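Quick notes on the structure that follows.
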2 protein chains.
Amino acid sequence: MNEHTQPVALDKAYRLINHGPTVLVSARHAGVDNVMAAAWACGLDFSPPKVTVVIDKIAATRGLIEQSGYFVLQVPTVEQAALTTRLGTTTLASDPEKLAHAGVELFEMEGVNLPLVAGCSAWLVCRLIPELHNQQAYDLFIGEVTHAWADSRAFRDGHWQFETAAPELRSIHHVAGGHYYAIGDAIATHS
Amino acid sequence: MNEHTQPVALDKAYRLINHGPTVLVSARHAGVDNVMAAAWACGLDFSPPKVTVVIDKIAATRGLIEQSGYFVLQVPTVEQAALTTRLGTTTLASDPEKLAHAGVELFEMEGVNLPLVAGCSAWLVCRLIPELHNQQAYDLFIGEVTHAWADSRAFRDGHWQFETAAPELRSIHHVAGGHYYAIGDAIATHS
């Protein structure tokens with residue numbers, strides 16, 4: 001963390017992923033940390049905030065989540081696009097030094113024994129809500145958000161600030177094969 | 001439909017929503033059509049392609065889906081941002097003429113008895129996979145994509161073409177309260 005890492009009120013936490021960014025999923029169990037990329041993460045409820053994320057059976061992160069009951073969704077930035085691709089295309093099984101080789105820097109927040117990825121723009125700590133049928137049949141995991149933080153240069157006062165933030169802090173949205181779009185211009189309509 | 005409405009191969013259909021756009025959800029039952037907006041739609045599987053979408057119990061569209069067993073996810077454009085907000089903030093229950101008042105133009109594709117929203121950039125016809133626990137406990141609906149089309153000016157050869165397409169064809173990504181971001185610049189990394 002740094003001085004820009006600020007808490008996000010839980011009733012605003014859904015906004016951190018409402019615009020559909022690709023995320024990094026991290027977890028820890030029995031001294032093992034891992035981080036993977038996931039394009040299929042999504043809001044599920046506002047209050048308490050819940051999320052879904054699809055995690056394939058070959059992902060080492062999946063076992064850490066199932067065993068620890070916790071995971072973190074974090075929003076990588078334009079600056080982390082290559083890192084995100086690396087984390088999404090290598091596995092801990094084939095490379096036990098995956099995180100070091102990818103150059104991931106992890107940090108912890110007080111009271112949360114989980115690995116957070118430095119340099120992201122937002123972090124959502126999630127407690128797994130076990131739903132074994134979904135997990136087995138669809139690789140679909142549900143979590144309740146228990147803590148949320150954001151980089152205050154990119155998200156503050158309950159809103160993303162991409163209009164005025166540095167372009168390299170924008171979220172990235174995976175299409176396929178390491179190709180992303182950054183989030184773009186703001187559009188306001190009357191609700 | 002128009003001459004730009006082209007079929008998308010089902011093994012590429014996930015790419016239509018992989019970058020996390022806000023979608024319009026439409027359905028038809030017993031002569032009633034409706035369309036709603038949903039920020040919480042997401043890929044679930046590649047082949048056969050499956051999707052998730054969260055649909056609140058107050059949404060009239062939900063009943064049409066439950067009764068007909070089908071729905072359509074479609075990707076609205078920058079040009080349709082105000083329309084999307086209107087469709088997301090009015091209900092068929094309070095305004096039986098919701099679609100007419102919003103100015104929605106519907107069309108059908110041959111062999112598919114469902115209302116598609118004209119002017120969108122992509123359409124995914126989905127067969128509901130009934131999962132009553134998810135629907136009741138989480139408002140979470142799962143569908144298998146049976147047909148997909150896209151506007152070939154925005155998506156062709158299995159890829160979004162936002163780099164070269166007209167800016168008003170870009171997807172929109174809802175944050176909150178009628179505020180969106182358009183999708184932005186392309187970023188390529190080595191996968």
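Chain letters run A, B, ... following the sequence lines, proteins first, then strands; residues in each count from 1. Side-chain atoms are counted along with the backbone in the values below, which use heavy atoms only and exclude waters and symmetry mates. What you see is a predicted model, and the numbers here were worked out from it, not measured in a lab.
- Linking Ile, Leu, Val, Met, Phe, Trp and Tyr whenever their side-chain heavy atoms come within less than 4.5 Å puts B:Leu124 and B:Phe155 in one cluster.
- Under the 4.5 Å side-chain contact rule for hydrophobic residues, B:Leu128 and B:Val53 share a cluster.
- Pairing each heavy atom of A:Lys50 with each of B:Tyr138, the nearest pair is CD-CE2, 4.3 Å.
- Clustering ILVMFWY residues whenever any of their side-chain heavy atoms sit less than 4.5 angstrom apart, transitively, puts B:Leu64 in a cluster other than the one holding B:Tyr70.
- Between chain A and the options B:Gly43, B:Pro167, B:Ala188, B:Gly88, heavy-atom pairs under 4.5 Å are most frequent for B:Gly43.
- Placement of A:Val75 and A:Leu24 in two distinct hydrophobic clusters is found when ILVMFWY residues are connected by side-chain heavy-atom separations under 4.5 Å, directly or transitively.
- B:Gln6 CD: more than 12 foreign heavy atoms inside a 6.0 Å radius.
- In plain terms, the two heavy atoms of B:Ile187 and A:Ala81 that are nearest each other are CG2-CB, 3.8 Å.
- B:Ala137 does not touch chain A: none of its heavy atoms, backbone or side chain, sits under 4.5 Å away.
- With rounding to the nearest 0.5 angstrom, the OH atom of A:Tyr180 is 10.0 Å from the CG atom of B:Asn18.
- Options A:Leu44, A:Val54, A:Val175, A:Ile183 differ in how many heavy-atom pairs under 4.5 Å they form with chain B, and the most are formed by A:Leu44.
- Within the 4.5 angstrom heavy-atom criterion, only side-chain atoms of B:Ile129, from C-beta onward, approach chain A.
- Within a 6.0 Å sphere centred on CG of A:Asp185, other residues, nucleotides and ligands contribute 12 heavy atoms or fewer.
- If you tally non-hydrogen atom pairs under 4.5 Å between each of A:His159, A:Glu131, A:His179 and chain B, the highest count goes to A:Glu131.
- Cluster annotation: A:Leu99 and A:Leu83 are assigned to the same hydrophobic cluster (Ile/Leu/Val/Met/Phe/Trp/Tyr, side-chain heavy-atom contacts under 4.5 Å, transitive).
- Residue B:Asp56 does not touch chain A at all, counting heavy-atom pairs closer than 4.5 Å.
- The contact between B:Ile142 and chain A is made entirely by side chain atoms (from C-beta outward), counting heavy-atom distances below 4.5 Å.
- Put simply, the residue from B:Glu163, B:His173, B:Arg170 that forms a side-chain hydrogen bond (donor to acceptor under 3.5 Å, both in side chains) with A:Tyr181 is B:Glu163.
- Looking at A:Phe46, the atoms closer than 4.5 Å to chain B (heavy atoms on both sides) sit in the backbone and in the side chain alike.
- Note: A:Trp40 and B:Tyr14 have perpendicular aromatic rings, judged against thresholds of 30 and 60 degrees for the angle between ring planes.
- Side chain of B:Thr189 to main chain of A:Thr85: no donor-acceptor pair is present (N/O by atom type, distance under 3.5 Å, no hydrogens or angles).
- Residue A:Leu16: no heavy atom, backbone or side chain, is found under 4.5 Å from chain B.
- Within 6.0 Å of CD on B:Glu108 lie more than 12 heavy atoms contributed by other residues, nucleotides or ligands.
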